[in-house]
Amino acid sequence: MTLDFSAMEAKWRTAWYKARINESNPVPGKKKFFMIFAYPGVTGYLHVGHMRGYTITDAIVRYKMMTGHNVLFPVGTHSTGNGAISFARKVERGDPATIGILEANGCTSETIESLANADGVVRFFNEVYVNDYWKRFGFMSDWRRFTCTTYPDYSRFIEWQMRKLKAHGLLIQKPYFAPACLEHGPVAIDASETDIQKGGTAEVLEYTLLKFDLDDGRNLVAATLRPETVFGLTNFWVNPDVEYVDAEVDGETWVVSRPAAEKLALQMDSVKVLGSTDGSALMGKRCKAPFTGKMIPVFPSNLCDPNIGTGLVMSVPSDAPVDWIGLVELKRNSDMRARYNLTDEMIEGAKPIAIIDTPGWGPMPAVEICERMGISTMADPKLDEATKEVYKAGFHRGVMNSSCGEFSGKPVEAAKDAIRAQMLSGSQAAIMRDLSEEVICRCGEKVLVRKIPDQWFIDYANPGLKERSKEHARTMKILPKEYFDNIQNVIEWYRERACVRLGNWLGTRFPFDQRWIIEAIADSTLYPVYYVLSRYANEGIIKPDGMTEKFFDYVILGEGDVTVVEAESGVSVETLGMMRAEFEYWYPLDINLGGKEHMTVHFPVFLMNHVAILRPEHRPNGIMVNWYITSTGSKISKSKGGAQPIPDAAEKFGVDAMRLFYAHISSLFVDVAWDDEKVESYSDRLEKTWILVDDLLRIGTEESTGMDAWLLARLNMRLAKLHEHMADYDIRSYSNEVYFEISQDIKWYLRRGGKSRSVLMDALRTWIPLMAPITPHLSEELWEHIGQKPFVSLHRLSDGSRNDEVISEEAKEKLIQNLMQDVSEILKVTSMSPTKISIMVAPSWKIEMLSAALGQPKGKVDVSALIKAAMPDAKTPEMKKAIPAFAKDVAQEVSRAAEHDRVMLSAKFDELEVLKAASGFLGEQFGCAVEVRSVDDPELVDPKGRSRFAKPGRPAVYAE
RNA sequence: GCGAGGGUAGCCAAGCCCGGUCAAAGGCGACAGACUCAAGAUCUGUUCUCGUAGGGGUUCCCCGGUUCAAAUCCGGGCCCUCGCACCA
C-alpha cells in the first residue's frame, strides 16, 4: 500500500486553518508559550535546509500546545537592506541565472516581469514563504500576525525603538570609515556580493602613513602595515615612472600618488592637490625618517603601485623580501644606477639592519628566506609566499632587538601599537584606510573607504547595558549550552554598532534625520514585541499614522495617559487596554530560534535591545541555535536558488518525512548533509508506522495476557522520558522514542503473545498523539483512522510516570530479553541445535543476599556481614565455598551500580514465576523444550554443574 | 589573527557536561533466516575480533597524565568546520 502523503497533508492543513486552531488569542489564567524563529531575509527562494529551524520551532510549539499551553508562533519576513533591490535589478537586466531559477520554480513571464522592482520582489516572496513553505509544512502559526519589515506599521514600531534608544542615551554619533561607492553610498562587502560586482573578500586595512622629510619641506608619505620596522629602514622606494602629486594636508605638503590623494580626500578634512612631481625627479634625494631621524636615500622601484597605499614605500630589507630583492636587483642593474646617478656607495649604504629576533630565524629573515627559496628577481612568484611567511613569523613570534631603543625586548605585536601611537601623537604619522583589493559597486564604480563624520551608532559598548545583558543571559535557557557560556564573551566584545546608513536601501527612515535609513540589524531585534500588535494593524484596527510614540509607550511600557493615546491613535481606550493586556499576556518571548550565523550578531543585539528598552520582566527567556543542513559538504546556497524548490521536495518526499528528517537526523547543534535517500527512508518509516497501526486495529481480541501490564507500564515510562527530553527541547531524542522505540515495544508485546484489543487501543491513543508535534498530518490521519475525533493536535498528552510498578514490569521483560541473549550466545558459540534447554533460577540465599546488599548504604557494602548472614543456612561444603565468593561479587556489583541499575536490581518480582510463564514463548523461539526450575528445586537435574552460575537476574542455562 | 565547535565501529549519528548501566543507543547499508510461486514490502537475527557455554582480546584521532576504573576528566599534538559585526 502506498500512502498519498500529499493528499493527506492538504486535507489536514486545510482543516486546521479552517477551524482556526492556529490562531492565538490571550486566555487569561492559561499558561502561555511564545516562540519565534528568526525571520528570513527576502532575498529569493529558500532551500530545504532553511526548513530545519522552522520545523523545529513548529514541533516545539505543537508540543507545548499539547501540554496545556496557549501558544503564540508568529512569522514574518525581513525585507530591509538591498536583497530585494539587487534581486529586482537582476531580473530587470535579465540575468540568466536568476531568470532560470524563477522559471525552474514555475514562474510565468508575467510574474517575472513583476519582479523587476523591489516592492514586487518583497510582495512575491512574502507570498512564497507563507504559502509555499510555512503553510505547506502545516505550521501552527497565527497567519493574521504576519509582518514584514518594510510595512508602514512596522516602520512606526522601529521609529519608536530608535526614539527609546536615544532616550536611554544609547544613540551616539561619531566618525566612521565605511566602504562606499561615490554614487550609491555605503556598500556591504561580503562574500555573497549582494552590493557589489567584484571584491567580496576585500578587507579594510588600516595603513600607517609615515612622513619622511625632504630638504625642501615636503614630506614623502609611505604607507605601511608594519610601522615598527621603522628601525630597520635603509632607503625609500619611489616609482620613477609614476607622476606623483604634491598635496596640501593640514598645512603640510605630502608627496603621494594621485589615487592616494583622492582616497585621502575622502578620509581627511582638507586635502588639496597643489602640483605634481615626477617620480624620477626624486631619485637619489635623501629624506629624514620619522621617529629615528635617520637620513635615507630614495631609490627607484617599479613595484610601487600608485593604487596601493600612497604609492610610496619605505624599505626594510632585513624583514621584507621584496625590499631585499629590490636592492639586489638595483645592484645588478648598472644602467638604472647610471640613469639616476646612484653611486655604488649609496647602494652599499643600504645594508639590511637586523631589528627583530624571531625564534627559528636568523637576524635577517628576508635575506634568509630568499636564499632558501632561491628567489633572486622581483618577477619570482614565490616572493609573495616568502613575504607572508616572514611577516607571519616576525609579527606573531618576534621580539624587537637591542637596536630598537626603548622598544628593545618588546614583542613585535605590542611594539607595533606603541610605536604607532607615539608617532601619531608626534604627528610623524597619520592613518589611511584602504581596501585590500579592488572592489567594484553594482553600478560599476569603484568602492573606496570614505569617512562619514556624523555616523549614528547604537552604543552596545555601554558598560551598564553590557552588564545587565550578561546578567540576564545567565538566567536564560540558551541552547546549546556552549553558546550559553559563549554569549557572555560575545556581549563583552561588542562595540558600538552603526545603525543607519545612507544610500538606496529598503528600510525605515531614521526619525532624527530623514537622510538616513535604519540598517538591517537595528530593525530586526526587538521585533518579537511587534508580533503582539501586528494583528491589530493587519486588521485595520489601528492605522500606521496612529502608531505614535505615546501609543507604543502605553501599550508596551505601560506609560502615559491612555486618553491622550486614544486621541492620538484613534483607537478606543478599551481596545488600547486590550492591546496592552495582550502584550502583558504574551511577553516575554520564550524562545527565539535562529541559525548559527546569528550567534555573533543577531542574538546578542536582540538581547541587548530588549534589556535596554523593555521592563526587566519582559526580557526574553530563551535562545536556541540551529546548525545547517548542508549539501554534500557545501552550504545549500540561497544565491544558487536552492538545490531543489521546497514545494518540489515536499511533493516528492512528503512534508512529514521531511519534518521527521529534520527532527531525527541528528542533534540540532551539528551541520548535517541533505540526503535524498535518508529522507526517503524516513518516508518509509512513516509508511511502516501506518501499516503497524493498521494491523493493530485488526489483530486485537478480548483476551488479556500478562503482557498487558507490561506494555502499559512501558508506555508510561516512555511518556515520562519524552517529557524529560522536551524539557531540553531535545527533539531528536523525542522522535527517536516515538518513531523507533515505541514501535519496538509494541512489536515485542505482540511477539510475546499480547493481543488485548483494549490495551492496543490504549497504546494507540497514547502513541499517535505523540507523533503530532513532528509529523502532524500523519498523526491526524491515524487518529481519525482509529476512530477518534479531530484534532489530535488539540489533544492533551498524558504525563507518564516511572513508579515501582512500571519499573518492576520493565525488569521482568528485561530478564527475559537478557536470558534470550545469553542462550543465543551459547547456541551460536557451540553451534548446537538443542533438544532441551534448562533454565535454573538462582537459589533463594543468593536472592536474599542481593537484597541485603541493596539494603545497605550506597557505596558501603559490608561483605563480611553478608557472609555471616548466609552461613547458618549453608548445608553443603559447596555452598560454604560459594557464599564468600558470591558475597564479594554482589558487593562489587551493587557498589558499582549506577542509579538506574540499582533500581532495576531492586525490582521486586518472582523470577521463577516469570520465567515459568515465559517458558512456552522461549521454547517457540529456540525450537525446543524449555524447562524452568529453581536451583533450590530438589528435582533439578544439572549434569554439568551449571547451576552454580545462577545469579539473581541472570539464571544459569544448560542446553543439551 | 581573534573567537567558537568538532574528530566515535562500513556510512550517518547518540554518548562526553555529571568517569563505572559502554564493545558503545538509534538509523542506513550489508549478510542470514522467516513469510511468499517469486520479487518487493514486512518480521527476526547477525554485523571489531577470537571462542564448541553465556567468556576473552583489542577499540571511541595521536601521545602523555589523574583514577581502583577514562570514549567521558587534565596537559600536549595533528587534522577538520564555522563566525568575526552595517549580508541577515
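Chain naming here is simple, since letters A, B, ... match the order of the sequence lines and numbering starts at 1 in each. Predicted model, so just to flag it, every value in this text is computed and none were measured.
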task: Give the nucleotide from the list B/A53, B/U42, B/G27 with an atom nearest to the side chain of A/His664.
output: B/G27
field: Paired nucleotide for B/C82 [Watson-Crick or G-U wobble; both distances under 3.5 Å]
entry: B/G3
- request: Measure centre to centre between the rings of A/Tyr45 and A/Phe125, then say whether the value is under 6.0 Å.
  value: yes
message: Categorize A/Phe395 for me: base, sugar-phosphate, or nothing, with a 4.0 angstrom heavy-atom threshold over every strand shown.
response: nothing
query: Where the side chain of A/Val672 is defined as all heavy atoms beyond and including C-beta, which of B/A13, B/G3, B/U42 is the nearest nucleotide?
result: B/A13
field: Complementary nucleotide for B/G10 - Watson-Crick or wobble, under 3.5 Å
entry: B/C28
- line: Whole-Å distance, A/Lys596 NZ to B/C84 P, equals 11 Å
task: Measure the distance from CZ on A/Arg948 to P on B/G55 and round it to the nearest whole Å.
output: 14 Å
field: Pair A/Tyr460-A/Asn609, side-chain donor/acceptor within less than 3.5 Å
entry: yes
field: Value in whole Å for how far the C1' atom of B/G3 lies from CG of A/Asp485
entry: 14 Å
query: For the pair made of CD in A/Glu482 and C1' in B/C16, what is the distance, rounded to whole Å?
result: 10 Å
field: Contact under 4.0 Å: A/Lys678 side-chain N or O vs B/G27 OP1/OP2
entry: no
query: Of all the nucleotides listed (B/C43, B/A53, B/A14), which has the minimum atom distance to the side chain of A/Thr830?
result: B/A53
- prompt: Between A/Leu668 and A/Ala498, which has a closest nucleotide on RNA chain B that is more 5'?
  reply: A/Leu668
message: With rounding to the closest Å, how many angstrom separate the P atoms on B/C62 and B/C11?
response: 15 Å
- prompt: Can you find a side-chain donor-acceptor pair between A/Asn736 and A/His725 that sits under 3.5 Å?
  reply: no
- prompt: Base, sugar-phosphate, or nothing for A/Trp627, non-hydrogen atoms under 4.0 angstrom?
  reply: nothing
query: From B/A41, B/G3, B/A88, pick the nucleotide closest to the side chain of A/Glu597?
result: B/A88
query: What integer number of Å spans the C1' atoms of B/C12 and B/C17?
result: 24 Å
query: Can you tell me how far C1' of B/G45 sits from CZ of A/Arg751, to the nearest Å?
result: 9 Å
Within the 6.0 Å centroid threshold, strictly below: A/Tyr739 and A/His664: no
message: Taking only the P atom of each, what is the distance from B/C31 to B/G54 in whole angstrom?
response: 31 Å
statement: Test salt bridge (Lys or Arg N to Asp or Glu O under 4.0 Å), reference A/Glu737, set A/Arg732, A/Lys721, A/Arg714, output is A/Lys721
- line: Sorted by position of nearest nucleotide on RNA chain B, 5' first, the leading residue of A/Ile521 and A/Asp822 is A/Asp822
query: Base, sugar-phosphate, or nothing for A/Thr600, non-hydrogen atoms under 4.0 angstrom?
result: sugar-phosphate
query: Separation of A/Met599 atom CE from B/G5 atom P, in whole Å?
result: 9 Å
task: Return no unless some side-chain N or O of A/Arg954 is found under 4.0 Å from OP1 or OP2 of B/A53.
output: no
message: Please name the nucleotide paired to B/A34 by Watson-Crick or G-U wobble geometry with both distances under 3.5 Å, or report none.
response: B/U42
message: Under 4.0 Å from OP1 or OP2 of B/C43: is there any side-chain N or O of A/Lys747 that close?
response: yes
- prompt: What does B/G19 pair with, Watson-Crick or G-U, if both distances are under 3.5 Å?
  reply: none
task: Can you tell me, in whole Å, how much space there is between the P of B/A25 and that of B/C48?
output: 10 Å
message: Once you apply a heavy-atom cut-off of 4.0 Å, does A/Ser667 come out as touching a base, just sugar-phosphate, or nothing?
response: sugar-phosphate
Separation of the P atoms in B/G65 and B/G83, to the nearest angstrom: 39 Å
- prompt: Quick one: does NZ or CZ of A/Arg52 land under 6.0 Å from the six-membered ring centre of A/Tyr662, within 45 degrees of the ring axis?
  reply: no
- prompt: In whole angstroms, how far is the P atom of B/C11 from the CG atom of A/Asp675?
  reply: 15 Å
- prompt: At under 4.0 Å between heavy atoms, what does A/Tyr682 touch on the DNA or RNA strands: base, sugar-phosphate, or nothing?
  reply: nothing
message: Could you tell me if A/Lys944 sits above the aromatic ring of A/Tyr958, with its cationic atom closer than 6.0 Å to the ring centre and no more than 45 degrees from the axis?
response: no
query: With a 4.0 Å cut-off on heavy atoms, is A/Pro604 in touch with a base, just the backbone sugar-phosphate, or nothing at all?
result: nothing
- request: Between B/A53, B/G54, B/A41, spot the one nearest the side chain of A/Glu825, thanks.
  value: B/G54
query: Which part of the nucleic acid, if any, lies within contact of A/Tyr483, taking any heavy atom under 4.0 Å across all strands shown: a base, the sugar-phosphate backbone alone, or nothing?
result: nothing
task: Would you classify A/Ala959 as touching base, sugar-phosphate or nothing, given that sugar-phosphate means primed atoms plus P, OP1 and OP2, and contacts are heavy atoms under 4.0 Å?
output: base
- prompt: Expressed as a whole number of Å, how far does the P atom of B/U21 sit from that of B/C60?
  reply: 16 Å
message: Counting C-beta onward and ignoring hydrogens, is there a side-chain heavy-atom pair between A/Val738 and A/Ile774 closer than 4.5 Å?
response: no
message: So if I take every side-chain heavy atom of A/Asp671 and compare against B/A25, B/U81, B/A53, which nucleotide ends up nearest?
response: B/U81
message: From C-beta outward on A/Ser666, which listed nucleotide comes closest to its side chain: B/A13, B/G26, B/A88?
response: B/A13
- prompt: NA contact type, A/His78, heavy-atom cut-off 4.0 Å: base, sugar-phosphate, or nothing?
  reply: sugar-phosphate
message: Rounding to an integer number of Å, can you tell me how far A/Phe669 CZ sits from B/A14 C1'?
response: 14 Å
Whole-Å P distance, B/C73 and B/G15: 13 Å
message: Roughly how many Å apart are B/A69 and B/C16, using the P atom of each and rounding to a whole number?
response: 22 Å
query: When you measure from the side chain of A/Ala956, which nucleotide among B/C43, B/G3, B/G54 comes out closest?
result: B/G54
field: Near-ring test A/Tyr527/A/Tyr39, centroid separation under 6.0 angstrom
entry: yes
- prompt: Any idea which of B/G51, B/A13, B/U81 is nearest the A/Lys828 side chain?
  reply: B/G51
message: Taking the minimum atom-to-atom distance to the side chain of A/Ile665, which one of B/C12, B/C28, B/G26 wins?
response: B/C12
